[in-house]
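Everything on this sheet refers to the single structure shown next.
Protein chains get the first letters and strands the later ones, always in sequence-line order, with residue 1 at the start of each.
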Amino acid sequence: MADLSVKIAGVSFKNPVIPASGTFGYGREYAEFYDIGKLGGISVKGTTLERRDGNPPPRVAETPAGMLNSVGLQNPGVEHFIREEIPYLKGTGVKIIANIAGSTPEDYAEMARRLDETDVDMIELNISCPNVKCGGAAFGTDPEVAGGITRLVKAATKKPVMVKLTPNVTDIALMAKAVEAEGADAVSLINTLLGMRIDIKTRRPVLKNNVGGLSGPAVFPVAVRMVWQVANAVKIPVVGMGGIATWKDAVEMMMAGASAVQVGAALFTNPYAPVEIIDGLNRYLDENGIAGVSDIVGTVQPW
Amino acid sequence: MALHVGSYPLVKKEELAKGFYSFTLSCPEAAEAAKPGQFVNLKVPEFSLRRPISICEIDKAAGTLRLVLEVRGDGTEKLAAFEEGDKIDMLAPLGNGFAVNPAEKAAVIGGGIGVPPMLELAKRFSGTAYAVLGFRNEDASILEEDFRACCADTLLYTDDGSKGEKGFVTDGLKKLLSREKLDVIYACGPEIMLKNVIRLADSAGVRCQVSMEQRMACGVGACYVCACRMVMDGEEYYGHVCKDGPVFDSKQLVL
């Protein structure tokens, strides 16, 4: 039995597999399938200061080896999250990563203040949502703004802060360095890639929002490349995500430099994907005589 | 746990009309748990997103669910290629289902691919329900005999008059409302049809439940993609077809 536990920014996770924000709600639905306490952690649905209604439907489209979504951060607001969801999640024993998204930098700080006294284990700053008009990826594409938000949040909470980065930039390592310099305890990447599909019969975009975020196996090689670049550029831990569907993908992502992985779109194809990845990692480590999962992090040997 | 996931054998496949397929899957646990109006989420080989398909018939004794799907795009085309003996990966049963009181006088209204979920529902009324079915044309008409076998009366309409009467299901509903005192109307079909059915139900003062359709991903209420406009205490918001529905009281919806 290999040691699957990982420590990221002072938080101990029993294994490195975390459902990604927006694909797992607050865990209740998947608790119908399995004990969600088995998971390393859960990055919960992106939370905003006030309730958000999201974008009009259709909000999803199939793509080759993936999907587009344009949910637009629909959520019941941070107070509801604190009152209704944190106690439930706490009861499952899983590590809670609160994913927060603001329309202004001050929104992030205000949510971080409110979450500071709660049982969340870590705060993930979503500065990379492609589906909202105010904030979202606009914050994540400017190193000054991304750094500024990180600084404000760090001053507002003692919780570890992880910044979720968008791939829709020229140099993602530059963004990672900018938030590291302002005190980010970890970075997670990649959020979705902006995409579009058109129904050739109606000449209308499939998504009512016209454009949306691409995820699924189609983005995996892009995610591996970006995780590798960022892991080489910063000293803080990197949490890798983007198209991970199997334990082999998880191993690859960790070899690229990820200390843990998040699993998102794969859940829609296979609700058991995260638990199957945990089991697969365990078998892989045992079969290869590797004592702990952290031993494979960043072990790629580039040419 | 009421939710079942697994690979279930396709024991019977029929082409009901061009592009419309009936699948009977052997899945005893899911059949035992299923209610009329619920749906299943089928994995499509080589595709990322599952396809939600409503349950057409439930046979608890045989341990089977019958599904009827229409080929609409690449995903459903792939599903239609399954053959008897193949196993299909399915999550079932999902969603809330219709609220049924078998003592009530009910009308079930179906349009196109909205017809199949009305069949199991109609059967729950032991021969007393009225069915109004609408199709584009004769070539796209399905399940007529199944409804005739379990309903007090079945009215059939096509857009072009190639089968049944020429007209829309709302013409049939008007006819029914003029001659029967209905307690409840159930409907599934295109949004414009649902809108008109609800308008008729409201003006007749008859309760109405409708089953909605939307593009889905998780199918269980976690990803929030299958939004539909709902209203509570005068305030509008986006609910989700997979978890808040697919069946809604017409008063909950903004169409």
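Using modelled atom types and a 3.5 Å distance limit, the side chains of A/Ser188 and A/Glu124 yield a donor-acceptor pair. In this model, a donor atom of one side chain and an acceptor atom of the other lie less than 3.5 Å apart for B/Arg66 and B/Ser22. At a cut-off of 3.5 Å, with distance as the only test, a side-chain donor of A/Asn75 or A/Thr48 sits close to an acceptor on the other residue.
Every residue two or more places apart in sequence or in another chain that forms a ring-ring contact (aromatic ring centres under 6.0 Å, His included) with B/Tyr224 is listed here: B/His240. Every residue was checked against the ring-ring contact (aromatic ring centres under 6.0 Å, His included) condition with B/Phe39, not counting sequence neighbours, and none meets it.
Aromatic ring centroids of B/Phe168 and B/Tyr157 lie 6.0 Å or more apart.
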Could you tabulate the donor-acceptor pairs under 3.5 Å formed by side-chain atoms of residues 206-226 of chain A, not counting sequence neighbours?
{"from": "A/Asn209", "atom 1": "ND2", "to": "A/Val211", "atom 2": "O", "distance (Å)": "3.1"}
{"from": "A/Arg225", "atom 1": "NH1", "to": "A/Gln229", "atom 2": "OE1", "distance (Å)": "2.9"}

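At least one test fails for B/Arg124 against the ring of B/Phe98: distance under 6.0 Å to the centre or angle within 45° of the axis.
Top candidate by heavy-atom pairs under 4.5 Å with chain B, chosen from A/Gln74, A/Lys45, A/Glu62, A/Arg51, is A/Glu62. The most heavy-atom pairs under 4.5 Å with chain B, out of A/Ala265, A/Gly54, A/Pro57, A/Ala245, come from A/Pro57.
With a threshold of 4.5 angstrom between heavy atoms, A/Pro64 does not approach chain B through any atom at all. Of the atoms belonging to A/Ala65, it is backbone heavy atoms, and not side-chain ones, that fall under 4.5 Å from chain B. B/Glu46 does not touch chain A: none of its heavy atoms, backbone or side chain, sits under 4.5 Å away.
Contact annotation for residues 20-28 of chain A against chain B (heavy-atom separation below 4.5 Å, listed by residue number): A/Gly22, A/Thr23, A/Phe24, A/Gly25, A/Tyr26.
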